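In this text, all values refer to a predicted model and were calculated from it rather than measured experimentally. One is the number of the first residue; the rest follow in order along the sequence.
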Amino acid sequence: QVQLAESGGGLVQPGGSLRLSCVASPRTVTTYRMGWFRRAPGKDREFVSSFSWYGDRTDYTRSVEGRFTIFRGNGKNSVHLQMNRLKPEDTAVYYCAVASLGGTYYAAASYDYWGQGIQVTVSS
């Protein structure tokens, strides 16, 4: 019933930028919080960033704070993740996720729906 469409990934050189987008459908889906997780090669899934419509709260993992910015799209069902000054260690499959009932922003268990993942590769 719920589908998350991710876009904006690709290959970029270190120091470059990419913008990831995520749109949840149908538009009537409850999106208390939308966020991004990533899984790098040989590493566990980790929280990257999230946006909550409960107080317009934004959160970032320490390694991306100051470089990444999350912001809402045209509606409550979409978010964008602007990634600047990308580093090779940012290389991962990035997953959009939606939390419909709140919860801890950095915990994967708080999210109800997940996208298929989109590849981000930072390499020279």
Side-chain angles (χ1 to χ4, degrees):
Q1 289 184 301
V2 177
Q3 183 177 6
L4 275 57
E6 302 149 318
S7 62
L11 173 65
V12 66
Q13 293 185 334
S17 298
L18 288 173
R19 178 179 291 184
L20 302 183
S21 299
C22 179
V23 180
S25 61
R27 295 185 63 88
T28 54
V29 66
T30 301
T31 53
Y32 181 94
R33 175 182 295 111
M34 297 185 69
W36 293 92
F37 290 74
R38 68 186 181 187
R39 186 184 297 275
K43 299 180 64 177
D44 293 330
R45 177 178 56 185
E46 68 170 340
F47 168 79
V48 178
S49 181
S50 66
F51 178 90
S52 175
W53 279 264
Y54 186 81
D56 286 353
R57 173 176 175 168
T58 60
D59 291 284
Y60 303 90
T61 191
R62 187 176 302 170
S63 63
V64 309
E65 191 163 11
R67 298 188 297 118
F68 292 11
T69 303
I70 191 168
F71 57 96
R72 61 165 291 171
N74 293 329
K76 194 176 180 180
N77 66 326
S78 64
V79 293
H80 307 281
L81 183 67
Q82 179 67 42
M83 305 184 294
N84 297 325
R85 302 191 301 279
L86 284 160
K87 304 176 180 179
E89 50 263 45
D90 294 317
T91 296
V93 176
Y94 284 70
Y95 298 89
C96 180
V98 169
S100 59
L101 299 175
T104 305
Y105 69 88
Y106 57 81
S110 297
Y111 295 82
D112 305 296
Y113 309 106
W114 295 82
Q116 293 182 338
I118 187 166
Q119 180 70 47
V120 171
T121 302
V122 185
S123 177
S124 60

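Listed here is the closest heavy atom pair of Val122 and Thr91: N-OG1, 2.9 Å. The heavy-atom pair separating Thr30 from Val98 by the smallest distance is O-CG1, 3.7 Å. Taking all atoms of both residues into account, the shortest heavy-atom contact from Pro14 to Ser124 is CD-N, 3.7 Å. Nearest heavy-atom pair across Arg33 and Gly103 is NH1-O, 3.0 Å. Residues Tyr32 and Ser52 approach most closely at O-OG, 3.4 Å, considering heavy atoms.
Judged purely by atom type and a 3.5 angstrom limit, Tyr60 uses its side chain to pair as donor or acceptor with the backbone of Ile70. A distance-only check finds no donor-acceptor pair linking the side chain of Glu6 to the backbone of Leu20 [under 3.5 Å].
Atom CD in Gln116 sits 10.0 Å away from atom CG in Leu4 (nearest 0.5 Å). The structure places CG of Leu101 at 12.5 Å from OH of Tyr111, a figure rounded to the nearest 0.5 Å. In this structure, OG1 on Thr58 lies 7.5 Å from CZ on Phe51, to the nearest 0.5 angstrom. One distance of note links CD of Gln82 with CG of Leu18; it measures 8.5 Å at 0.5 Å rounding.
Under the ring-ring contact (aromatic ring centres under 6.0 Å, His included) test applied with Phe47, the options Trp36, Tyr106, Phe68, Phe37 reduce to a single match, Phe37.
In summary, Asp90 and Arg38 engage in a salt bridge, as defined by a charged side-chain N under 4.0 Å from a carboxylate O.
Within a 6.0 Å sphere centred on CZ of Arg39, other residues, nucleotides and ligands contribute more than 12 heavy atoms.
For the pair Arg45 and Trp114, the cation-pi test (distance below 6.0 Å, angle within 45°) is passed.
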